There are 2 protein chains.
Amino acid sequence: MVTITDISRACGVSRATVSKALNGAPDIAPATVERIREQARALGYLPNATARALKVGRSYNIGVLFSDPTGGGISHEFFSTIFENIKTEAERLGYDITFIGKDFGPLSLDFYEHAKYRSCDGVVIASADFSEPAVRRLVESEIPTVTLDYTFEGRTSILSDNVSGMEQLVRFAYENGHRRIAFIHGELTSVTQKRLVSFRRTCASLGIAVPQEYIRQAVYHNPKSSGLETRALLALPERPTCIFFPDDLSFLGGMNELERNGVRIPDDISVAGYDGIPLSQILRPRLTTYRQGAQEMGTEAARLLVEQIEYPDMWLPQQVTVRGELVKGDTIRRIG
Amino acid sequence: MVTITDISRACGVSRATVSKALNGAPDIAPATVERIREQARALGYLPNATARALKVGRSYNIGVLFSDPTGGGISHEFFSTIFENIKTEAERLGYDITFIGKDFGPLSLDFYEHAKYRSCDGVVIASADFSEPAVRRLVESEIPTVTLDYTFEGRTSILSDNVSGMEQLVRFAYENGHRRIAFIHGELTSVTQKRLVSFRRTCASLGIAVPQEYIRQAVYHNPKSSGLETRALLALPERPTCIFFPDDLSFLGGMNELERNGVRIPDDISVAGYDGIPLSQILRPRLTTYRQGAQEMGTEAARLLVEQIEYPDMWLPQQVTVRGELVKGDTIRRIG
DNA sequence: GAAGGTAACGAAATCGATTAAGATTTCCTG
DNA sequence: CAGGAAATCTTAATCGATTTCGTTACCTTC
């Protein structure tokens, strides 16, 4: 391994000089800097992040946490998109990504300990169950964090515009003549709760009455569960003309159930999803949905976390809302 | 931050003793060990991975590389499954995961430099374009690697059983009476090449003639591209009775094209995918496909890499083939 | 009781890089 | 040309943990 010591010997200067030259310190003669840079290149020198981290107390390493058991893992397109963008932005800023898991290693470290053990400069909490003590310990710790779709006192968070998104979907259905809209929502988390409230409020403000049976709860990100609720909706004496699903993936479960019953989309019933994952636009008919700004959420999360890390003094926690976009698709049909 | 120095002061022993006690060295009195362990717990001590890495020359950190532009990224279910399992196994063994990207940071490090900069003990190359010089540089370097679905002289690799998988699919179609089987394959990489050869060989051994027009090339993991080839197949004077797609995701493109032309699956035509991603079994009809052992591939990759790292002497490169499983699904119909 | 053995612990070097403080040389300027 | 500022470079401590090689004290054993 080539170290600054090798360079210093090759150039006949001290290690300090090499370090400073490589880092652009102001008190090294330009000619010397050039000579050192040249040698570094010639020897194939690479700085050692570990050594630097130890000395300066900064690892240039940020942790990411994806651990929501309800499908909020990296295998979901929405989250993998977020992850990709966190990674891209972080790397652009010179930070590496380390995955933070729980029960890490033989010592079974929890999230906080894991992040600390790896000297993460900060952590992006992309999906997690905030009722879990281990998650709370991390978010309440001294480690800088950015939370996605969850606000926490004194912390920075990136929020998807769930209220506005749901409102747009409802209005879109309304404009297409729908007055009997059912909503299968996920278990009540802070996210699904917001969508539910927005759904109710928007319906009310449009003068749409929503019977109790039209509001159903399924398991978030779980097609099978949504399938069951869909069946229940079809059995109602007065069927809805439009069904909102908790998310795009869940819609697939509903879709199967509808097909099995010979109910065509959107001829016989209209549907909408939520998320706007790529898959939803590959299938035909293209799903009407609300595309969350996953790319921007990821990018912003990384950007704000790094900002917080690098300028801790002039830092104030903030809540950033990322706007998504209504994807009209073809599954909400004009009626009435 | 609590360090061994704090513990040593609290216990009135030297730092060396603390280190040894915590690491189970044989020359510390049991009573002392107990006392030190107790204090460590009381003070909330956490070892500093960075410092340890610097001293012992091992970071307990492995890199993962997902960078195939042809859809081999983390957003694909097949690859995210692999990743999840690499991560789980690695963490169980006490290793962290760092994502290796190219053009890293302000210095624009390539893969090798990036891995070296982070002192990765090894790298799992999960998806990459091996014709890329940056990838070759890494795989030819002194850094231990495990390669997925690609063999490289002197390197360990985990291979999916592409030959056997494709053979099983062809035989399954044959047993269901199909004699006119078309195959849309991906661009020729080492993986798709194996499947193509196996397809041809199996067909030949079963006495199935495969006209030139039945073999078509599409872009791997790209639904749109497969849709176009599907259209071409439908236009043939003698349509195939069964179409094999490059992969499950690509099938979706074909599916749309078939539906648009009023061709029903599997009543009018049979189809098969490849990969066995969860999505393929959510949709109805369930896709006939070959499920690659993604979980096992990930687990094995991590396990073998760590083995290689920890016992470099008694190490010999090996090729492990992970068997998958035929998923019969409902899209190949009995005919004839 | 002298020689040697062993158990338990400590001193100090080390990993690679950074950085405050100091040393040396160069260069002005009045 | 003396005095001091400016430019340039070095010394040495430091980050936290590991590890080699002692050292000390206490036993054995003949």
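If you're wondering where the values come from, they're calculated on a predicted model, not measured in any experiment. Values reported hereafter were calculated over all heavy atoms of this structure, with side chains retained and with hydrogens, waters and symmetry mates removed.
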Legend entry - Nearest-angstrom distance from the residue atom CG of A:Leu22 to P of C:dA17: 9 Å
Inset, instruction - Kindly state whether the ring of B:Phe83 and the ring of A:Phe99 have centres lying under 6.0 angstrom apart. - result: yes
Inset, instruction - Report the nucleotide, chosen from C:dA8, D:dT11, D:dT19, that has the shortest atom-to-atom distance to any side-chain atom of B:Ala16. - result: D:dT19
Inset, instruction - Between A:Thr17 and B:Lys55, just flag the one whose closest nucleotide in DNA chain D comes earlier from the 5' side. - result: A:Thr17
Inset, instruction - Identify which nucleotide among D:dA17, C:dT18, D:dT8 has an atom closest to any side-chain atom of A:Ala29, counting heavy atoms from C-beta outward. - result: D:dT8
Legend entry - Over all atoms of both residues, closest heavy-atom pair of A:Ile309 and A:Gly122: CD1-N, 3.9 Å
Inset, instruction - Take the angle between the ring planes of B:Tyr117 and B:Phe104 and call it parallel below 30°, perpendicular above 60°, tilted in between. - result: tilted
Inset, instruction - Check every atom of C:dG16, C:dT18, D:dT10 against the side chain of A:Val13 and return the nucleotide holding the closest atom. - result: D:dT10
Legend entry - Nearest-Å distance for atom pair CG/C1', residues B:Asp27 and C:dG10: 11 Å
Inset, instruction - Round to a whole Å and report the spacing from CG of A:Leu46 to P of C:dG16. - result: 13 Å
Legend entry - Verdict with supporting geometry, B:Thr98 and B:Asn61, side chain to side chain donor-acceptor pair (under 3.5 Å): CA-CA 7 Å; B:Thr98 293; B:Asn61 193 24; 3.0 Å; yes
Inset, instruction - Could you check which of D:dT19, C:dC9, D:dC9 has an atom nearest any side-chain atom of B:Ser19? - result: D:dT19
Inset, instruction - May I ask you to evaluate whether A:Asn23 reaches the phosphate of C:dT18, defined as a side-chain N or O under 4.0 Å from OP1 or OP2? - result: yes
Inset, instruction - May I ask you to verify if any side-chain N or O of B:Tyr45 is less than 4.0 angstrom from the OP1 or OP2 atom of D:dA17? - result: yes
Inset, instruction - Kindly assign one of parallel, tilted or perpendicular to the pair A:Tyr60 and A:Tyr95, based on the angle between their ring planes and the thresholds 30° and 60°. - result: tilted
Legend entry - Gap between atoms CD and C1', on A:Glu34 and D:dT8 respectively (whole Å): 17 Å
Legend entry - Protein-nucleotide distance (B:Ile7, atom CD1; D:dA17, atom P), rounded to Å: 8 Å
Legend entry - Residue whose closest nucleotide on DNA chain C lies nearer the 5' end, B:Val33 versus B:Val56: B:Val33
Inset, instruction - Would you kindly give the CG-to-P distance between A:Asn48 and C:dT14, to the nearest whole Å? - result: 18 Å
Inset, instruction - Take the C1' atoms of the five end pairs on each side of the helix from C:dG1-D:dC30 to C:dG30-D:dC1, get both axes, and report the angle to 10 degrees. - result: 50°
Inset, instruction - Report yes if at least one side-chain N or O of B:Ser14 is closer than 4.0 Å to OP1 or OP2 of C:dG10; otherwise report no. - result: yes
Inset, instruction - For side chain to side chain donor-acceptor pair (under 3.5 Å), just list the numbers for A:His114 and B:Asp96, CA-CA rounded to whole Å, side-chain angles, deciding distance to a tenth of an Å, and then say yes or no. - result: CA-CA 9 Å; A:His114 191 168; B:Asp96 263 299; 2.5 Å; yes
Inset, instruction - Take B:Arg303 and B:Glu300, measure what salt bridge (charged side-chain N to carboxylate O under 4.0 Å, His left out) needs, and give me the verdict at the end. - result: CA-CA 5 Å; B:Arg303 199 179 62 76; B:Glu300 275 297 285; 2.9 Å; yes
Inset, instruction - Give the nucleotide from the list D:dT18, C:dA17, D:dC9 with an atom nearest to the side chain of B:Arg52. - result: D:dT18
Legend entry - Of the listed nucleotides D:dT20, C:dA17, D:dA17, the one nearest the side chain of B:Lys20: D:dT20
Inset, instruction - State which of C:dG16, C:dA8, D:dC9 makes the closest approach to the side chain of A:Thr32. - result: D:dC9
Inset, instruction - Report yes or no: is the cationic atom of B:Arg41 (NZ for Lys, CZ for Arg) closer than 6.0 Å to the six-membered ring centre of B:Tyr45, at no more than 45° off its axis? - result: no
Legend entry - B:Pro30 side chain, from C-beta outward: closest of C:dA17, D:dG16, C:dA8: C:dA8
Legend entry - For atom CG of B:Leu43 and atom C1' of D:dG16, their distance in whole Å: 15 Å
Inset, instruction - Give one of base, sugar-phosphate or nothing for A:Ile28, where a contact means two heavy atoms less than 4.0 Å apart. - result: sugar-phosphate
Inset, instruction - Specify the separation, in whole Å, of atom CZ of B:Arg9 and atom P of C:dG10. - result: 14 Å
